[in-house]
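Pasting in a structure now, in C-alpha cells, and then I'll have a few things to ask.
Worth saying up front: this structure is predicted, and the values here are computed from it rather than measured.
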Amino acid sequence: MYKLTTLAVLLIAAPLAAQTAPAMDHSKMDHSKMMAGQPAMDHSKMDHSKMDHSKMDHSKMAGGKKMDCMGEDGQCKMMAAGKNTPANPYAETSMASHKAMMAAIGTDVSETWTRKMIEHHRSGVAMSKIALEKAQDKETLANARMLVAAQEKEIGVYQAWLKSRGKAAQ
C-alpha cells in the first residue's frame, strides 16, 4: 500500500513540479529581437516583490533599451535608457538612483524603508541640482532650491535614525 501511495503522489506531483519556471538571467537576454514587432509584454500579473532587481543591469540589453513596466496600463514599453537629452537631462542620474534604491536593503522592514528613503531623497536632490544648472523657469528654480534644502535635512534625519540604532550610515 505504501508503494502505491508513493507512486500516486509522484504521478500527481511530477507534472506540477515541471510547471515551475526556473529563474531567468535577464542580463543575457536580447530584448530588442524578442520584442521586435510584438505586442508589449503584460507584467501586470507577475509578482515583482519576489524578484531581485538589484542585480539586473538593463544597460546590457541590446540597443541601449530597458523595460519600463511602470505604465498605468501595466504594460511594459521599450524606451531609451541612460541617455541624457536636452529635454531630459535626468536619465543617467535616474538610472543610477534606481540602482542605488534597489540595492538599499537593511536587516528589517524599518531599516530597509529608511535606506530606500535616503536613496529616494538623494535622487530628488540630484535631479534638483540638474534643474538648478539647466532650467530657465523661475518657479522651477525656486522649487528645486527648496527641495534640495528640505530633502538634505530629511536625509540627515534618516542617517541619525540609523546611527541611533547602531546601524552604518548610508
Which side-chain N or O atoms in residues 123-136 pair as donor and acceptor under 3.5 Å with protein atoms at least two apart or in another chain?
residue	atom	partner	partner atom	Å
Ser123	OG	Ser97	OG	3.4
Ser128	OG	Gly124	O	2.8

| Can you list the steps and then say if Arg115 with Thr112 is a side-chain contact (heavy atoms from CB on, under 4.5 Å)? | CA-CA 5 Å; Arg115 292 186 180 284; Thr112 297; 5.9 Å; no

| Reported OG1-to-OH distance for the pair Thr85 and Tyr90, which is rounded to 0.5 angstrom | 10.0 Å

| message | Using 0.5 Å steps for rounding, measure from the CE atom of Met101 to the CZ atom of Arg122. | response | 12.5 Å

| Spacing of OG1 belonging to Thr93 relative to NE2 belonging to His98, to within rounding of 0.5 Å | 14.5 Å

Under 3.5 Å, which donor-acceptor pairs link side chains of residues 147-162 to any protein atom two or more places apart or in another chain?
residue	atom	partner	partner atom	Å
Glu154	OE1	His121	NE2	2.6
Gln159	OE1	Gln170	N	2.9
Gln159	NE2	Gln170	O	2.9

| message | Under a 3.5 Å threshold, yes or no: a donor from one side chain and an acceptor from the other, between Thr114 and Lys167? | response | no

| said: I'd like to know if Glu119 pairs up with Lys116 as an ion pair, taking the criterion as any Lys NZ or Arg NE/NH1/NH2 lying under 4.0 Å from an Asp or Glu carboxylate oxygen. | reply: no

| query | Rounded to the nearest 0.5 Å, what separation is found between the CE atom of Met117 and the NE2 atom of His120? | reply | 5.0 Å

